[in-house]
Amino acid sequence: MTTLVSQRPPPPPPPRGLLAGFGPAYAWGLRLALGRPLRMLVVLGVAAALGALTGWFSVHGGSGARAGDGEAAFQLWEGLKEALLPSAVPLAALVLVAGAFSREVSERTLVFHLVRPIARRTLYLARFSAAVTVAIPVALVPPLVALGVAGLPLPASTAWALVPPVVLGVLAFGAITCLLGAWFRRGIIAGLVYVFLVDGFMSEASGTMQRLSLVHHVLSLFHRGVDADFGALSERVRSSSEAAPASINPGDLISQVLSSERVDWMQPWSAALVLLAVTAVALALGAGRVSSRDYPLKD
């Protein structure tokens, strides 16, 4: 009597390390990030408009139109550190990076990658890398356009000095918001809460609490990189940069939390190290989370 044995295809081989399949997954993520031309045009247009308004107003608006290059340089310096960098960097991360992996789940394309096969952690890192590749140039648009529109006699090194705070800031904010997107069902909302409530509160708090804010480290790189260039044009920038940090009364906890007195800016290597460490830890946590979590991949 013949026994019929069902022949099943052998299971796919396991992924071969963290980088196995990274290239195709990265290309897929880059295609998705750039696959909506209208959306990208809107994002770039808004970013360029914010930078152009900041640059124009620093020279032609308010006191900048009356006091020459010195006052215009101070107004541009204020606009960069108070408005453009604290908003452009986290917003680029939120809009372009936060949903990089969660989109694979919501659109159920995760199944396609798993049958290749490719490890979830590899897909997570590839999608993050592709998203920040697009987000970093977008975040650079507002400050660079502001410099160009203002047309002040600043050296080319000023523009180059804006690159490290933007790049490291997008990496750190992107890693955290991408982690929140992988951890929570409504990760975008969690990212908004973190950026505008948690990090925003710590950046405006008093004392060493500011050092818990990613924006503080981004601005530390900004100040250490460009203050000398702006200070050559503006006495107000020089006096603001050289001012000692306000003293803090340890017994007055309420005033420490509510006041906006600032501690000194961190050294560039220290600020960069913190941002890179935050990026690495957040990516490790996110990759671990997506590897162990069960996702609803079918109706």
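- Listed for the H217 side chain is a donor-acceptor partner under 3.5 Å among the backbone atoms of S213.
- The side-chain contact (heavy atoms from CB on, under 4.5 Å) check on V167 picks up I136, V163, L171, with sequence neighbours excluded.
- Of all non-hydrogen atoms in L84 and L50, the two that sit nearest each other are CD2-O, 4.1 Å.
- The main-chain N or O of G231 is found under 3.5 Å from a side-chain atom of R238 such that the two form a donor-acceptor pair.
- Summarising the geometry, atom CG belonging to L192 is positioned 9.0 Å from atom CG belonging to L197; distances are rounded to the nearest 0.5 Å.
- Every residue two or more places apart in sequence or in another chain that forms a side-chain contact (heavy atoms from CB on, under 4.5 Å) with V195 is listed here: P90, L94, F173, T177.
- With hydrogens and angles ignored, the 3.5 Å screen pairs a side-chain donor or acceptor of R120 with a backbone N or O of V290.
- Placement of L273 and L168 in two distinct hydrophobic clusters is found when ILVMFWY residues are connected by side-chain heavy-atom separations under 4.5 Å, directly or transitively.
- Here the side chains of Q210 and E204 are not in contact, with every heavy-atom distance at 4.5 Å or above.
- For T133, the side-chain contact (heavy atoms from CB on, under 4.5 Å) partners at least two apart in sequence or on another chain are Y26, L30.
- Minimum interatomic distance between A135 and V170 (heavy atoms only, all atoms of both residues): CB-CG1, 3.9 Å.
- A distance of 10.5 Å separates CD of Q267 from CG of L221, quoted to the nearest 0.5 Å.
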For M40 and L96, run side chain to side chain contact (heavy atoms under 4.5 Å, CB included): C-alpha distance rounded to whole Å, both residues' side-chain angles, the deciding distance at 0.1 Å, then the answer.
CA-CA 10 Å; M40 286 304 303; L96 298 172; 4.3 Å; yes
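- Distance alone, capped at 3.5 Å, is enough to place a donor-acceptor pair between the R224 side chain and the W265 backbone.
- Judged as a side-chain contact (heavy atoms from CB on, under 4.5 Å), and not counting sequence neighbours, the contacts of A172 are L214, L275, V278, T279.
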What do the steps show when you test F22 against S129 for side chain to side chain contact (heavy atoms under 4.5 Å, CB included), and what is the final call?
CA-CA 10 Å; F22 182 90; S129 301; 3.7 Å; yes
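- Between the CZ atom in F196 and the OG atom in S87 there is a gap of 8.0 Å [rounded to 0.5 Å].
- Looking only at side-chain heavy atoms (C-beta outward), V166 and F222 stay at 4.5 Å or farther from each other.
- The aromatic ring centroids of H223 and W77 lie less than 6.0 Å from each other.
- Across all non-hydrogen atoms, the minimal contact from L162 to L140 is O-CD2, 4.0 Å.
- Annotation for V274 and M266: closest pair CG2-CE, 4.4 Å, computed over non-hydrogen atoms.
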Donor-acceptor contacts, no H, no angles, side chain residues 143-154, under 3.5 Å, sequence neighbours left out:
none

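- Contact detail for V215 and S203: the closest heavy-atom pair is CB-CB, 4.2 Å.
- Looking only at distances, no side-chain donor or acceptor of S234 sits under 3.5 Å from a matching main-chain atom of F230.
- Under the ring-ring contact (aromatic ring centres under 6.0 Å, His included) criterion, Y124 pairs with F101, not counting sequence neighbours.
- Here the CZ atom belonging to R121 is positioned 14.0 Å from the CG atom belonging to L283, to the nearest 0.5 angstrom.
- When all heavy atoms of G174 and A93 are compared, the closest pair comes out as N-CB, 3.6 Å.
- Here Y194 contributes atom OH and L179 contributes atom CG; the two are 10.5 Å apart, rounded to the nearest 0.5 Å.
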Take E71 and R236, measure what side chain to side chain contact (heavy atoms under 4.5 Å, CB included) needs, and give me the verdict at the end.
CA-CA 8 Å; E71 184 61 26; R236 294 181 67 184; 2.8 Å; yes
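- In the hydrophobic cluster analysis, where Ile, Leu, Val, Met, Phe, Trp and Tyr join through side-chain heavy atoms closer than 4.5 angstrom, L53 is grouped apart from L44.
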